[in-house]
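See below for the structure under consideration.
Model, not experiment: these values are computed from the prediction.
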Amino acid sequence: QSHLVESGGGSVQPGGSLRLSCVTSGLPSYYTVIGWFRQAPGMAREGVSCVDRSDDVTSYADSVKGRFTISRDNAKNTVYLQMDSLKPEDTDVYYCAASRHGASLRATLYAYWGQGTQVTVSS
């Protein structure tokens with residue numbers, strides 16, 4: 001059974017930082033892409049960043065370029081999302097997900113999803 005478990009969310013002031021972790025287990029070997037998405041209540045799920053663990057190709061949404069960094073530790077089956085210079089508009093539930101379709105931020109390409117972790121940016 002495939003699992004993705006997110007952690008690292010919390011509350012932070014504007015300008016602060018958080019690091020999210022996504023630990024994967026039981027994924028088919030060809031699901032090499034791990035993506036981070038975020039979603040506010042009543043809104044569509046937005047792709048934030050992804051990494052293809054087979055070739056290290058990454059992709060970022062324009063709204064987070066230069067502030068967020070995705071990285072991986074294959075030995076630990078973990079993908080990280082370092083979030084710096086956080087803004088109130090980054091407040092959302094953040095999800096990680098797995099895909100076999102390349103480094104795309106299209107949510108429909110992702111077959112396995114975690115339960116999410118809340119990120120709140122507020123003064």
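The closest donor-acceptor contact from the side chain of S85 to the backbone of G15 lies at 3.5 Å or more, if one exists at all. The main-chain N or O of Q115 is found under 3.5 Å from a side-chain atom of E6 such that the two form a donor-acceptor pair. Between the D92 side chain and the Y94 main chain, no donor and acceptor come within less than 3.5 Å of each other.
Criterion: ILVMFWY side-chain heavy atoms under 4.5 Å apart, direct or through other members. Under it, F68 and V12 are part of a common hydrophobic cluster. Connection of Y80 to V119 is not established within any shared hydrophobic cluster, with ILVMFWY side chains joined at heavy-atom distances below 4.5 Å, either directly or through further cluster members. If you chain together hydrophobic residues whose side chains sit under 4.5 Å apart, Y95 and M43 never meet in one group. Hydrophobic cluster membership differs between I70 and V93, with clusters built from Ile, Leu, Val, Met, Phe, Trp and Tyr side chains linked at under 4.5 angstrom. Residues Y60 and V33 fall into different hydrophobic clusters, defined by Ile, Leu, Val, Met, Phe, Trp and Tyr side chains chained together at heavy-atom separations under 4.5 Å.
Residue pairs that meet the ring-ring contact (aromatic ring centres under 6.0 Å, His included) test with at least one member in residues 99-123, sequence neighbours left out, are Y31-Y112, F37-Y110, F37-W113.
The pair D90-K87 fails the salt-bridge criterion, with no side-chain N (NZ, NE, NH1 or NH2) lying under 4.0 Å from an Asp/Glu carboxylate O.
The shortest distance between side-chain heavy atoms of S17 and Q82 falls below 4.5 Å. Using a 4.5 Å cut-off on side-chain heavy atoms (C-beta onward), R53 and T24 make contact. Considering only heavy atoms from C-beta on, S63 comes within 4.5 Å of E46 through its side chain.
At a cut-off of 3.5 Å, with distance as the only test, a side-chain donor of T32 or D52 sits close to an acceptor on the other residue.
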R72 vs V79, side-chain contact (heavy atoms from CB on, under 4.5 Å): CA-CA, chis, key distance, verdict: CA-CA 4 Å; R72 58 176 177 82; V79 172; 4.2 Å; yes
Chi angles and distances behind the side-chain contact (heavy atoms from CB on, under 4.5 Å) call for S71, V51: CA-CA 7 Å; S71 62; V51 59; over 6 Å; no
